[in-house]
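Presented below is the structure to which this report refers.
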Amino acid sequence: MSDEKFTRQRLLDVQTLTPSLFTLRTTRDQGFRFRAGQFARLGVAKADGSVVWRAYSMVSSPHDEFLDFFSIVVPGGEFTSELARLKAGDELLIDRQAFGYLTLDRFADGRDLWMLATGTGVAPFVSILQDFEAWERFERIFLVYSARHGQELAYRELIAGLEQREYLAEFAGKLRFIPCVSREDYPNALRGRITSLIENGALEAAAGTPLTPEHSRVMICGNPEMIDDTRKLLKGRDMQLSLSRRPGQVAVETYW
Ligand code: FAD
């Protein structure tokens, strides 16, 4: 085995969702292990031979044979300008080791699991939902996924099909998907940003369940401003970041 810190994988598929969002599937090294919710560093070789690395959450589940990722295209972005050029058959470097603490290990208990995502921040939650553990441990699961426009909401079919998967069928009825769209009215979606929808009570009304320190465990991922503002709102309701020395109700992953 090579002693490099990464492996060389192949792109199997690239799908464009919008001009600035795409999904990709790669081969997976047999030795690559991760917990649902974690991320790996991806590397792309530039024309001058140097390699650019960025953190990406796995979208696929730990038991899939392939790896799925969901990416933004940042105009002029050093990494995403390169990544967006790749096609099926091209090479992608992937760290041997997965990292990150946005996993269910962060919570010792809880009745309701809330997953709040903006944009590509939905990635770790799609991985968690394709794994067994969340469904087994929690009575109810709320996936709250916000985007500016409805068309930017990825993985809708996958999410809608989760409860029909054989290994999750016994948990059918636990998941409530709550899409939120901030810049247009969109069918079956709440209108607004996650923070406003918490402040005005619309999110809890849609869930039919209040956010409480006793029952709710909240994971938040994506845009740093949304994460800070949501953390403040939750703090006002006695919900704290969960740390190993002080178990709490909130876990976050900031993307930039
Ligand atoms: P950069 O120079 O890295 O970023 C330039 C600017 O683009 C940032 O300052 C920010 O304003 C904006 N930006 C960066 N990332 C995003 C984003 N995801 N959505 C909206 N705006 C953004 N990105 C993904 O697309 N998918 C992921 O699954 C993902 N997982 C991540 C996990 C972790 C733990 C971290 C820290 C970051 C993750 N990111 C993810 C962000 C990713 O690492 C890069 O920032 C992104 O690929 C842009 O790289 P860049 O070099 O093109 O631009």
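Whatever order the structure lists them in is the order used to number ligands and atoms, beginning at 1.
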At under 4.0 Å between heavy atoms, which part of T254 makes contact with ligand 1: side chain, backbone, both or neither?
-> backbone
Looking only at protein heavy atoms, what sits closest to atom 38 (C) of ligand 1 is A55 O, 3.1 Å
For ligand 1, indicate whether the residue F79 contacts it via side chain, backbone, both or neither (heavy-atom separation under 4.0 Å).
-> both
The answer for which part of F69 has a heavy atom under 4.0 Å from ligand 1 is neither
S57 N/O to ligand 1 N/O under 3.5 Å = yes
So which heavy atom in the protein is nearest atom 44 (C) of ligand 1, and how far is it from that ligand atom?
-> R54 CD, 3.8 Å
Determine the interplanar angle of the F177 and Y145 rings, folded into 0 to 90°, and report it as parallel if under 30°, tilted if 30 to 60°, perpendicular if over 60°.
-> tilted
Test ring-ring contact (aromatic ring centres under 6.0 Å, His included) applied to F32 - qualifying residues, sequence neighbours left out | F34
At what distance is the nearest protein heavy atom to atom 37 (C) of ligand 1, and which residue and atom is it?
-> Y255 O, 3.1 Å
Ligand 1 versus Y56, non-hydrogen atoms closer than 4.0 Å: side chain, backbone, both, neither?
-> both
May I ask whether F39 has any heavy atom positioned less than 4.0 angstrom from an atom of ligand 1?
-> yes
Is there a nitrogen or oxygen of A123 sitting under 3.5 Å from a nitrogen or oxygen of ligand 1?
-> no
Within 45° of the axis and under 6.0 Å from the centre of the six-membered ring of F66, does NZ or CZ of R25 qualify?
-> yes
Do F138 and F171 make the cut of ring centroids closer than 6.0 angstrom?
-> no
Determine whether the aromatic ring centres of W53 and F79 lie less than 6.0 Å apart.
-> no
Sub-4.0 Å heavy-atom contact, S71 with ligand 1 | yes
Are E225 and K232 close enough for a salt bridge, meaning some N to O gap below 4.0 Å?
-> no
Would you kindly specify which portion of V74 sits under 4.0 Å from ligand 1, judged on non-hydrogen atoms: side chain, backbone, both or neither?
-> side chain
